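Bear in mind the structure is a predicted one, so any value in this text is a computation, not a measurement.
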Amino acid sequence: MPPLAETALIAMSGGVDSSVAALLMVEAGYDCIGVTLNLAGDTAAPAAADAHRVAERLGISHVVLDCRDDFAHEVIEPFVATYEAGETPNPCVGCNRTMKFARLLACADEQGIDIIATGHYARTCPGERVQLLRGADPAKDQSYVLSGLTQDQLVRVRFPLGALSKQEVRQRAAAAGLANADSPDSQDVCFIADGDHGAFIERWRGVALEPGEILDTTGSVIGHHRGLARYTIGQRKGLEVAAGHPVYVVAKDVERNIVTLGEEADLFVRSLVACDPNWVSIDVPTGPLSAEVKISYRSPARPARVTPLQNGRLRVDFDEPVRAAAPGQAVVAYDGDRVICGATIADPALR
């Protein structure tokens, strides 16, 4: 139980997860203030209204912060630029680090509040260095997208849902009479409602993506693409090439505006190099260490050796080849449930 009337800022998106996070913080004895970040203008109004209704039900105050300009600069622009560079972005990782948690903590600082809470499925363990841990529900664990958080952020964050399953969260919401107990889960990229990132990039830039050639691994032209940014490593659907058998995007060349298709076997790599490592739960090691490593949010963690490099990067050598390691995606290393490090895949071509 926290000290009497300790105040906490609660991120409230309008969904069931953040609503139950607020509920649990209230039940734990915190004096809570709900905060909704307006990231997308008018489209965010229904979510903010849902959050406000939950806040009223819980008897806590609620405010909306206008973060549209910051979101465009910190999240959408890097998302578009990463695709334009021939890579595959992971906007949730960057958004959590530079946008959501940064803005929530800044708001907390303005009001003299130490603690913030969110509805992520993850856990922390206090100590000399705060440990970021997987959520107890493997199907909902979100530690991967939190791998960019710093110690300064983690020491002030609470994850009330960390020990719960999604079913338990919905049950808690229903028992508390929250109207959004059965609300659907949020989509992968919150600012692209239809999931068509290529069309979104065209709208954002105001110009059509440049078409180009599709090659096979021998260099022969086998088709034409509708813009390099529409494709990502490992993609099989939407290629519009009649190969007579399954083919996959295995490479993209930005300078030549070329997509290369190959067999599934061409997607597997044993090693990769990653940049901008964030050593989350441990100090930077002096040598290689064993870990389990994820190369995407939905990929399983695979045994590997993680080695810090002198240039500030790190190398990951997998015990067995992994499929479709896409530049731009987050690579996250675990020691059991503990997040060791998060980084960005730079070169997955070490076969």
Between [X] and [Y], does any side-chain N to carboxylate O distance fall below 4.0 Å?
X	Y	answer
D137	K166	no
E264	R236	no
R203	D196	no
E77	R205	yes
R134	E292	yes
E202	R230	yes
E27	R172	yes

If only atom types and distance count, is the side chain of [X] paired as donor or acceptor with the main-chain N or O of [Y] below 3.5 Å?
X	Y	value
Y248	D266	no
T232	Q235	no
Q131	R338	no
D253	R256	yes
Q142	A122	no
N278	L149	yes
Q329	P89	yes
H62	A49	no
T7	I113	no

Non-hydrogen side-chain atoms of [X] and [Y] separated by less than 4.5 Å:
X	Y	answer
L146	V339	no
Y231	L239	yes
V332	V280	no
Y334	S143	yes
R323	R302	no
Q111	I33	yes
D335	I282	no

To the nearest 0.5 angstrom, please state how far the [atom1] atom of [X] sits from the [atom2] atom of [Y].
X	Y	atom1	atom2	value
T82	N90	OG1	CG	10.0 Å
R57	S19	CZ	OG	12.0 Å
L272	R313	CG	CZ	11.5 Å
C95	I76	SG	CD1	9.5 Å

Would you please classify the geometry between the W204 ring and the F200 ring as parallel, tilted or perpendicular, with 30° and 60° separating the classes?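 If you compare the ring of F200 with that of W204, the planes turn out parallel.
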
Ring-plane angle category for F159 and H120, please: parallel below 30°, perpendicular beyond 60°, tilted otherwise.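 Rings of F159 and H120: perpendicular, over 60°.
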
Does the side chain of T150 come under 3.5 Å of the side chain of D152 through a donor N or O and an acceptor N or O?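 Judged by distance alone, the side chains do not pair up.
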
Nearest heavy-atom pair of P91 and V189: which atoms, and what distance?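 Minimum heavy-atom contact is CG-CG2, 4.3 Å.
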
Joint hydrophobic cluster, V64 plus I60, side-chain heavy atoms closer than 4.5 Å: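 No, V64 and I60 fall in different hydrophobic clusters.
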
Among D216, I214, L215, whose side-chain contact (heavy atoms from CB on, under 4.5 Å) with L261 holds?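 Exactly one option meets the side-chain contact (heavy atoms from CB on, under 4.5 Å) with L261, and it is I214.
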
Compute both the distance and the angle, then confirm whether R158 meets the cation-pi test with Y30: under 6.0 Å from the six-membered ring centre, within 45 degrees of the axis.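 Because its charged atom misses either the 6.0 Å distance or the 45° angle limit, R158 does not stack over Y30.
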
